[in-house]
Amino acid sequence: MLTQAPKGTHDILADEIDKWLYVENKFAEICRRFGYREIRLPVFEHTELFQRGVGETTDIVQKEMYTFEDKGGRSLTLRPEGTAGVVRSYIENGMSSWPQPTKLFYNITAYRYEKMQKGRYREFHQLGIELFGAKDPSADAEVISLMVLFFDSLGIKNLTLNLNSIGCTQCRGAYNRMLKDFLADKTDQMCENCRERINRNPMRILDCKTEGCRQYLREAPALLDHVCDDCRDHFEKVTQKLQDIGIHYEIDKGIVRGLDYYNGTVFEFVSRNIGTQGTVCGGGRYDGLIELCGGPPTPGIGFALGVERLLLEMESQGIEIPSQPDPEIYLGSIGERAEKLCEKLAWDLRSKGITCIKDIMGRSVKAQMKYADKLGAKHALIIGDNEVESGKAALKDMKTGESRDITLDTLIDRLIKKRETD
RNA sequence: GUGGGUAUAGCUCAGCUGGUUAGAGCGCCUGGUUGUGGCCCUGGAGGCCAUGGGUUCGAAUCCCAUUACUCACCCCA
């Protein structure tokens, strides 16, 4: 226990950090290109924010939240997703008086008490955006196009974009009644889970994957076919805009996002090669959420992307990720006088912005060189008594193996110049 | 919440139907004449064989429980 990370969490070690930084930086870059600005929010919020925002009837709120009481008796919860917190911040900080629309992106960890599986963790990482104030279909299309551009820029191919509209509060009410009527005489034959859903949240039945229920659902009325005129019109405009910019999508009448706040356009990007947890990114519109949480009526739309799943997908597609540059130079030393000189040299190099690794173990030259090699240092330079006295040393190019004598005074300029030409 | 698989060195795994001091490759640390990496070779460190019980003269090996990991169902990012 003492030496084991809690279930569902994982360490991101030095060898993988380049991938994470690469993806995170790329995401930030693309977001800024669309006018989004980053925000950073607390990892925990008042429990009621999620109860209200995500929805009391959802699995997330009912059994997946990490909820605890602090020493002041407040009930707090580690965020199970990002949107609720952003909405809270939007209201609290009066962002409705910022230039509209307000475009925000974030890079967060989220927490859900779930059973572990490939691509599913209890602490996981999400990249996401939220767009407040724009209800036009252009907003939907732009948000989706941002995702597409992001995937493209990473070289990811073959993700399927699934689209659906789950209507507004009005058409949803009518649809729920319709669905109930349709299933009324079939309830006995449906799975236990679905029988509960009929009363709790009929739409969730559409997510069922058990064979028996699926048969009935094939004939069930699809919400998309029964949305009101406004919703239909909105959705058609969204798809038209996607076509205009050449984004391929599939209509999936079965998509019902698992959080209660969604309405209207919902979408997800799905992979086929990373296991059953194939949803790399999911999102949609949430026009009533801000009001529900106590803010002014404000339309909103956003998505969240699972970084672990994204990296799995990139790996499965064999996408290479550029790594951070190797250390410019390794400074080795023999003896105390040399070590002293190295300390000064290393300080000067680092002050000038040059990555410099020096010996701090007093090991043999051979051991030092091996270490320099493992670090991937581009150059190595060993200093002993001779070098201290002459002020000259052999600068070795680790790739070619060639070394040339240089005066130590010129070392910094030489490395700076070399770095520029490389 | 339901089911399946797995658990031996830092990593990937051997260890036959129970039998002495538990193995390999990689990695780590050393050396290969006293100041130069990669290839090759030498030596070394490092395991209460997940944990707790049981069977047995004897358990890494068989049985039970616990825990963890993992995959699928469910749900989702």
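Reminder, nothing fancy here: chain letters follow the sequence lines and each chain counts from 1.
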Let me check I have this right: for RNA chain B, each base becomes ., (, ), [, ] or |, based on Watson-Crick or G-U pairs with both distances under 3.5 Å. What is the full string? (((((((..((((.....[...)))).((.((.......)).)).....(((((..]....))))))))))))....

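- Here the separation of rU51(B) from rU42(B), taken at their P atoms, is 33 Å to the nearest Å.
- Rounded to whole Å, the separation between the C1' atoms of rC69(B) and rC63(B) comes to 23 Å.
- For the pair Asp260(A) and Arg52(A), the salt-bridge criterion is not met [side-chain N within less than 4.0 Å of a carboxylate O].
- Between Arg309(A) and rC76(B) there is no side-chain N or O to OP1 or OP2 distance below 4.0 Å.
- Nucleotides rG4(B) and rC41(B) are separated by 47 Å at their C1' atoms, to the nearest Å.
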As a quick check of understanding, evaluate side chain to side chain donor-acceptor pair (under 3.5 Å) for Gln243(A) and Tyr249(A), giving each step before the final call. CA-CA 9 Å; Gln243(A) 285 173 38; Tyr249(A) 60 86; 2.6 Å; yes

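- One can place CZ of Arg112(A) at 18 Å from P of rG1(B), the figure rounded to the nearest angstrom.
- Between the base of rG32(B) and the side chain of Lys366(A) there is a donor-acceptor pair shorter than 3.5 Å.
- The side chain of Thr279(A) sits closest to rC76(B) out of rC76(B), rG35(B), rG38(B).
- Nearest nucleotide to the side chain of Lys374(A), out of rC29(B), rA77(B), rG37(B): rC29(B).
- Taking only distance into account, the side chain of Glu387(A) meets the base of rG35(B) through a donor-acceptor pair shorter than 3.5 Å.
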Please list, for nucleotides 70-72 of chain B, all pairs of protein and nucleotide N/O atoms separated by less than 3.5 Å.
from, atom 1, to, atom 2, distance (Å)
rC71(B), OP2, Lys118(A), N, 2.9
rA72(B), OP2, Gln117(A), OE1, 3.3

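- A search for ring pair (Phe, Tyr, Trp, His ring centres under 6.0 Å) contacts involving Phe151(A) returns Phe269(A), not counting sequence neighbours.
- Tyr113(A) has its OH atom 17 Å from the C1' atom of rC76(B), to the nearest Å.
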